Visitor: 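Quick one: the structure is below, and I'll ask about it shortly.
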Amino acid sequence: TIACIAAEEALPGGERLDDESIPAFESHPLAITPLIAKIFRFIFPYVNKQIESHRLAAIVIVGQLLLFCLGNKELIQGITNSLLTRSGTDEKDYIKTHAISGLGNIVVHPYGEISLFIAPIVTTLLGCFSDGNTQVVLQSTSTLSKILRDVEPGDHLGTIAVPICMRLR
């Protein structure tokens with residue numbers, strides 16, 4: 001995937017990358033967002049493929065892309081939705097575990113950009129608590145802990161804490 005983009009081969013839809021479309025990496029973290037969007041558009045179809053290795057590779061890459069899409073709410077939403085679909089519905093536990101781990105990367109963004117995504121993420125993580133696989137349960141607990149640790153007390157923590165308390169009760 002990245003080799004295709006780096007080699008300037010045609011992307012899906014015939015789109016090509018040229019030197020002007022690749023921002024300078026050293027200028028600002030937000031400058032790489034257009035490249036991250038292109039990588040996400042390229043890898044997204046693999047998230048729902050039947051072949052397990054395609055889904056796994058796509059989920060791992062998408063989870064890491066969440067770290068680099070600062071300031072782009074649409075990209076954050078697309079990546080988060082991709083991870084949410086695999087974290088609860090995938091039949092393979094190791095793919096679920098990687099999707100849940102990727103959801104934890106949302107904490108690098110300011111709360112104002114991710115506030116709409118916190119409730120669905122917390123709900124999905126709480127739903128994974130009843131999964132039959134211990135690794136899925138441990139990863140969802142770890143990810144939930146990471147999210148709660150990095151959310152500031154003034155960031156509507158009460159709306160996040162209510163479903164957690166209800167589930168633990």
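Since we're looking at a predicted model, the values are computed, not measured. Residues: numbered from 1 along the sequence shown.
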Visitor: To the nearest 0.5 Å, how far apart are CG in Leu148 and CD1 in Ile118?
Guide: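 Going from CG on Leu148 over to CD1 on Ile118, the span is 9.0 Å.
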Visitor: Could you report the tightest heavy-atom contact between Cys69 and Ile79, atom names first, then the distance?
Guide: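 Of all heavy-atom pairs spanning Cys69 and Ile79, the closest is SG-CD1, 4.0 Å.
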Visitor: Return yes if some donor-acceptor pair links the side-chain N/O of Arg86 with the main-chain N/O of Ile95 below 3.5 Å, else return no.
Guide: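 A pair under 3.5 Å: no.
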Visitor: Inspect the surroundings of CD in Glu74 and state if more than 12 heavy atoms from other residues, nucleotides or ligands are less than 6.0 Å away.
Guide: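 Atom CD in Glu74 is not packed in, count stays at 12 or less.
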Visitor: Could you check whether any side-chain N or O of Ser82 sits under 3.5 Å from a backbone N or O of Gly78, counting only pairs where one atom can act as donor and the other as acceptor?
Guide: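 Answer holds: yes.
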Visitor: With the 4.5 Å side-chain cut-off for hydrophobic clustering, are Leu138 and Leu103 part of the same group?
Guide: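 Different hydrophobic clusters.
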Visitor: With rounding to the nearest 0.5 angstrom, report the CG to OG1 distance, Leu83 to Thr80.
Guide: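 Spacing of CG (Leu83) from OG1 (Thr80) equals 6.5 Å.
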Visitor: Is the side chain of Ser140 donor-acceptor paired with the backbone N or O of Val136 at a distance under 3.5 Å, no angle test?
Guide: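 Checked: pair present.
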Visitor: Would you check if the side chain of His109 reaches a backbone N or O of Asn72 as a donor-acceptor pair within less than 3.5 Å?
Guide: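 No, the answer is negative, given that no donor and acceptor are paired below the 3.5 Å cut-off.
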Visitor: Check for a donor-acceptor pair, side chain of Asn105 on one end and backbone N or O of Leu67 on the other, with a separation under 3.5 Å.
Guide: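 Absent.
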Visitor: Can you confirm whether Ile61 sits close enough to Tyr46 that some side-chain heavy atom of one is under 4.5 Å from a side-chain heavy atom of the other?
Guide: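 No, side chains not in contact.
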Visitor: Is there a side-chain contact between Ile106 and Ile76 (heavy atoms, below 4.5 Å)?
Guide: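 Yes, close enough: below the 4.5 Å cut-off.
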Visitor: For the atom pair CZ (Phe44) and CG (Leu65), what is the distance rounded to the nearest 0.5 Å?
Guide: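 It comes to 12.5 Å.
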Visitor: Closest approach of Val47 and Ile59, non-hydrogen atoms and distance?
Guide: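 Taking every non-hydrogen atom into account, CG1-CD1, 3.9 Å.
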Visitor: Looking only at non-hydrogen atoms, find the nearest pair between Glu52 and Lys92 and report the distance.
Guide: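 Distance-wise, the nearest heavy atoms are OE2-CE, 2.8 Å.
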Visitor: Do Asp93 and Gln135 come within less than 4.5 Å of each other through their side chains, counting heavy atoms only?
Guide: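 Asp93 vs Gln135: side chains apart.
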Visitor: Hydrophobic cluster membership, with links at side-chain heavy-atom distances under 4.5 Å among I/L/V/M/F/W/Y: are Phe40 and Val108 in one?
Guide: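 Phe40 clusters together with Val108.
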Visitor: For Thr124 and Leu84, indicate whether the former's side chain and the latter's backbone hold a donor-acceptor pair under 3.5 Å.
Guide: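 Looks like no, no N/O pair under 3.5 Å.
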Visitor: Between Thr143 and Gln139 (side chain of the first, backbone of the second, donor and acceptor by atom type, cut-off under 3.5 Å), is there such a pair?
Guide: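 Yes, Thr143 side chain to Gln139 backbone: donor-acceptor pair under 3.5 Å.
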Visitor: How close do Leu144 and Phe129 get, heavy atom to heavy atom, and via which atoms?
Guide: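 Result for this residue pair: CD2-CZ, 3.7 Å.
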Visitor: Rounded to the nearest 0.5 Å, what separates atom CG in Leu56 from atom CD1 in Ile51?
Guide: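 Separation between the atoms: 13.0 Å.
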Visitor: What heavy-atom pair brings Lys73 and Phe117 nearest, and what distance separates the two atoms?
Guide: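 Closest pair (atom of Lys73, atom of Phe117, distance): O-CZ, 4.1 Å.
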Visitor: For the atom pair OH (Tyr94) and CG (Asn133), what is the distance rounded to the nearest 0.5 Å?
Guide: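 The distance works out to 12.0 Å.
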Visitor: Examine Val122 and Val137 and state if one hydrophobic cluster contains both, with Ile, Leu, Val, Met, Phe, Trp and Tyr joined whenever side-chain heavy atoms are less than 4.5 Å apart.
Guide: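 Different clusters.
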Visitor: Do the side chains of Leu125 and Ile147 get nearer than 4.5 Å, heavy atoms only?
Guide: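 In contact.
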Visitor: Mind listing the closest non-hydrogen atom pair of Arg55 and Gln50 along with its distance?
Guide: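 The answer is NH1-O, 3.1 Å.
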